[in-house]
Amino acid sequence: MDKRWVLLSKFGYFSSGTLGFGGQNASNITTIKGRKIMIRNWLAKTVHDRLSKEFDGEFPSVDIGVPKTESYGDFSSNIAFGLAKLLRKSPAVIAAEFGSKLDIPGVNVSWVGGFINFKLDDSFLFEKWIHSHSAEIPPVTVPEKMLLEFVSANPTGPLHIGHGRWAVIGSCLANILKAVGHDVQSEFYVNDAGNQIALFRASVAAVASGQPIPDNGYHGDYVRMLATTTASVDDPVEAMRQSQSDVLESMGTTFDQWFSEKTLHESGKVHEVIQDLRRAGVVYDSEGAVWFRTTDFGDDKDRVLIKSDGALTYFAVDIAYHADKLARCGNRLINIWGADHHGYVARVRAAVAVLNQGATIDFDIIIGQLVSLLKDGEPVRMSKRTGELVTLDEIIEEIGRDATRFFLAMKSADSTIEFDLALAKKQSSDNPVYYVQYAHARICSIFRKLGIHEALPVELISINSAERDVISWGLQFSDEVHNAADHLAPHRIVHYLVELARRVHTMYEQSPILKSGDGLKHQRLHILNQARQILSAGLSLLGISAPEEM
RNA sequence: GCGCUUGUAGCUCAGCUGGAUAGAGCAACGGACUUCUAAUCCGUAGGUCACAAGUUCGAAUCUUGUCAGGCGCACCA
C-alpha cells in the first residue's frame, strides 16, 4: 500500500485493490506527483473527498471500476455496498442519497441498485483526450532495478516451441517493466558445464572423426551439421549457443547478459556459497554427502549439494548462480521456468531465503505451462537426444515472426497451449495479429492520403459512439500497461490491443475522414492519431511490428 | 500416493486482487464493397463458467471436497 495514502487516510483499512485510489497499483501514485492525472484516479480522489466531507468517521475504500456493460457509464463505484453495514441502510438507498449529492462538473452521476455510475460528458472526455498523450506511460514513482532470467536452454540442441514461449513472454515482460520505468536486465543462463555438455561434445567429436556416437549421446541432423565445420567441432557448445541466440534474435528476443555456468565452477563460487549456507546452519553431512536442509523451508525432502563421490549437484551450482544474481539484481529477481521444473521451486526458494538475508529482494518465479506440439491433431514427440525435433526456427519460418509472437504472447503463462503446426500454418492469415496491425495500417493510410503526419489543432464538434469508444478505451492504455507489469502478465496487452483495434475498425467504418468537413475531419484525425500511437506503442511492447501498409 | 497447475460457447482462449445481463477471435448463418485498404464492418445463433457444498448483500472469481487433463516428485542436468 502506498505509504502516502496511509497518511492521507484517517482510517486504516483501505483496500489494496488496483482499481481504487491508494491501491498497490503503482500507477495510482502518479496522481499525487501531478505528472499525469489518470481519469479513474482523479475520479476516485474526487469521490473520496466528497465522502470525507459527508462522514466524519470511518468509511470504506473508494474503488472505481469500469463497468462491463457500457450503458452504465464510463466508471462505477460500489461504495454504497461498503457503507451499507456502517449506516444500516440498503445499498440502493445509500447510492441514491450519496449519488444525488455528487455534483462533479463534466460528469453525469447516476445510480442503479447499489452502484453509483459515472458517465463523462463528451466534451469533458474529449478534453481529457486532447490533453493526454495516451501512448505515453507515466513511470512508477519508485523504480526498481531487476533481473529477469528466461529461456536458459541447454546449449546441446536447437530451441523448440516451448523455448519460444518463454522467449516471447520474457521479452514482452522486460519491455513492459521497462515501459513503466523499471531498470530491467534480461539474462540467459548457459548450462555450459556438466555431464550433458561432455556427452554433447563427445557426440560432435565422434561424428567429426567418423567414430560411432557414444551411448546416450546426441544424434540428429544438427549434430552432423556441427561436425562439418572446424569452428563448431572445436567448440560445439559455443556454436550451439550462438545459433540459439540467432534464432531468438530473429524472433525479436535479445538478452543483456549470457551467463556462463562454467564461470561459477572456475571461480570457486559454488564452494563459497556452500560455506555460506553451512555458516547459516542449514547444511549437514550424511552418508558421505553434503545436504541442504531445505525441508526447513517447506521442501518435500532435503537436497544433496555435494554427492558422495565429491561431485557438485546441479542444484549446488544453481544456488551459486542465484547468489550471484542476488548480488547483481538490485531489488527484484524474476525467473521464468517451464512447468517441467516446478518441482524445483521449493528448493531454490529455500536457497534464496537463506541467501537473501535482509529479505530486501523480491523473488518471483513464473511457472509457464508447457506447449504441446501437434501435427494434424497428433502429438509430436520430441527428443533432443534422438534428434526428433521441430525446431523454433522452422516454426518462425513457416508462421512468421509477428504471428508466432502474437500467438505465444496472447495466452496467459499458466495455461497449457496446443500448437498445431498444420493448423497454425493454415490459419496464420486468421491470426489476430493482422487484425491489430491492419487497424494501424488503415490509420496510416488516411494520414498518407492527406499528406500529413500529425493531427491538426482541433476542437470538439460532436463525437459519435464509435469515436467515444475509441477514446474511452484509449485512455486506459497506460493503466493496462501498469496492470500487466504488476501482474507480470503480458497477455493482457494483447487483449487490450485486440479490443482497441476492434473499436478502431468500427470507427473507421462509421466515421469517414477524407470527405468530412474540416471540423469533423480534424476531430477524427485527432482521435485516430492517438489510437495509432497506442497501437504502435502496444505492439512495440510485444516486439511486434506496426506496419504502415499491409 | 504427494505437490504444482488447468477445467468458461463447437474450437482456441480472455475475464479470476469478489460486483450489475459471463466476453473476444475462429467456425456457422444472414447482410454491407461505384466509398479513407472488405486482412474490415453490422446482425443472428451459440453457456449447468467440470461437479458439489461453504463464506456474504453479491461467487466464473475466495475456501473445502470430488471428478478430469497436463507436469513434477534423483547423490540427473
Side-chain angles (χ1 to χ4, degrees), chain A residues 15-20 23-25 63 65 67-69 71-72 76 78 80-82 84-85 90-92 112-115 117 154 156 191 193-197 199 261 286-291 299-301 303-315 317-318 338-346 367-370 372 407 410-412 414-418 420 423 427 429-435 437-439 441-450 466 486-487 491-492 494-495 498-499 501-502 504-516 521 524 528 549-550:
Chain A
S15 95
S16 58
T18 51
L19 299 189
Q24 63 194 2
N25 182 349
D63 280 347
K68 275 184 251 177
T69 310
S71 60
Y72 287 126
S76 72
N78 59 1
F81 290 95
K85 243 181 210 166
S90 80
V112 181
F115 290 93
N117 300 318
N154 288 347
T156 54
N191 296 123
N195 297 338
Q196 295 304 314
I197 290 296
L199 205 50
E261 176 191 347
S286 173
E287 302 165 55
V290 176
W291 297 73
D299 198 4
D300 295 337
K301 61 186 293 280
R303 307 291 172 175
V304 170
L305 297 173
I306 304 176
K307 295 184 253 183
S308 50
D309 67 0
L312 295 162
T313 60
Y314 179 84
F315 178 44
V317 183
D318 211 19
D340 53 342
H341 288 93
H342 79 254
Y344 204 68
V345 170
I367 295 297
Q369 297 300 311
L370 303 176
S372 49
F407 179 84
M410 73 187 299
K411 292 154 195 202
S412 85
D414 48 27
S415 77
T416 53
I417 55 180
E418 291 187 346
D420 192 311
L423 206 61
Q427 293 187 340
S429 63
D430 290 332
N431 190 306
V433 72
Y434 302 118
Y435 185 81
Q437 289 180 322
Y438 186 45
R442 274 182 142 180
I443 298 173
C444 290
S445 166
I446 292 169
F447 279 84
R448 201 163 46 237
K449 282 251 166 29
L450 285 168
D486 291 346
H487 291 86
H491 72 275
R492 292 181 183 229
V494 178
H495 291 276
V498 171
E499 177 62 20
R502 195 181 70 74
V504 165
H505 283 306
T506 299
M507 176 176 163
Y508 184 93
E509 302 281 340
Q510 293 184 11
S511 297
I513 310 288
L514 300 185
K515 59 182 104 157
S516 297
K521 182 193 287 179
R524 289 170 178 174
L528 289 180
E549 284 179 84
M550 288 176 71

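Remember, predicted model here, so these are calculated numbers, not experimental data. Letters A, B, ... mirror the listed sequences (proteins, then strands); counts begin at 1.
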Under 3.5 Å for both pairing distances: what stems, at least three Watson-Crick or G-U pairs long, include RNA chain B?
B:1-7 with B:67-73, B:10-13 with B:23-26, B:28-32 with B:40-44, B:50-54 with B:62-66

With Ala346(A) via side chain to side chain contact (heavy atoms under 4.5 Å, CB included) - residues at least two apart:
Asp299(A)

Just the atom pairs and distances: protein N or O near nucleotides 68-72 of chain B's N or O, under 3.5 Å.
{"unit_1": "C71(B)", "atom_1": "O2'", "unit_2": "Ala339(A)", "atom_2": "O", "d": "3.0"}

Are the ring of Tyr435(A) and the base ring of G25(B) both nearer than 5.5 Å at their centres and tilted by less than 30°?
no

Could you list the residues that satisfy side chain to side chain contact (heavy atoms under 4.5 Å, CB included) with Ser415(A), not counting sequence neighbours?
Arg165(A), Lys411(A), Ser412(A), Ile417(A)

Looking across every strand, which nucleic acid part, if any, lies under 4.0 Å from Ala193(A) by heavy atom: base, sugar-phosphate, or nothing?
sugar-phosphate

For a quick check of understanding: with a heavy-atom distance under 4.0 Å over all strands, which category does Ile197(A) fall into, base, sugar-phosphate or nothing?
nothing

Need one value for Ser511(A): base, sugar-phosphate or nothing, where a base atom within 4.0 Å counts as base even if backbone is also close, heavy atoms only.
base

Identify all pairs in which a protein N or O lies below 3.5 Å from an N or O of nucleotides 27-35 of chain B, and state each distance.
none

Considering residues at least two apart in sequence or located in another chain, which fulfil the salt bridge (charged side-chain N to carboxylate O under 4.0 Å, His left out) criterion with Arg502(A)?
Glu499(A)

Protein-nucleotides 57-62 of chain B N/O pairs under 3.5 Å:
none

For the base of C36(B), is there a side-chain donor-acceptor partner from Ser445(A) under 3.5 Å away?
no

For the pair Tyr344(A) and Tyr314(A), name the ring-plane relationship: parallel under 30°, tilted 30 to 60°, perpendicular over 60°.
tilted

How would you list, by chain and number, every residue that makes a ring-ring contact (aromatic ring centres under 6.0 Å, His included) with His342(A), sequence neighbours excluded?
none

Roughly how many Å is it from CD in Glu261(A) to P in A77(B), rounded to a whole number?
9 Å

With sequence neighbours excluded, what pairs up with Tyr72(A) under the ring-ring contact (aromatic ring centres under 6.0 Å, His included) test?
none

Can you tell me if Arg303(A) and Thr313(A) form a side-chain donor-acceptor pair at under 3.5 Å?
no

Any protein N or O atoms within reach of nucleotides 44-46 of chain B? Criterion: under 3.5 Å, listing atom names and distances.
none

In whole angstroms, the gap separating C1' of A20(B) from CG of Asn117(A) amounts to 9 Å

Apply side-chain hydrogen bond (donor to acceptor under 3.5 Å, both in side chains) to Thr506(A) and list each qualifying residue two or more places apart in sequence or on a separate chain.
none

Separation of Phe447(A) atom CZ from C36(B) atom P, in whole Å?
17 Å

Look at all strands and tell whether Glu499(A) reaches a base, only sugar-phosphate, or nothing, counting heavy atoms closer than 4.0 Å.
nothing

Could you say whether Ile513(A) or Asp309(A) is positioned toward the 5' end of RNA chain B, judged by the nucleotide with the nearest heavy atom to each?
Ile513(A)

At less than 3.5 Å, do the side-chain atoms of Ser76(A) and the base atoms of A20(B) form a donor-acceptor pair?
yes

Can you list everything that forms a ring-ring contact (aromatic ring centres under 6.0 Å, His included) with Phe81(A)? Sequence neighbours excluded, please.
Phe115(A)

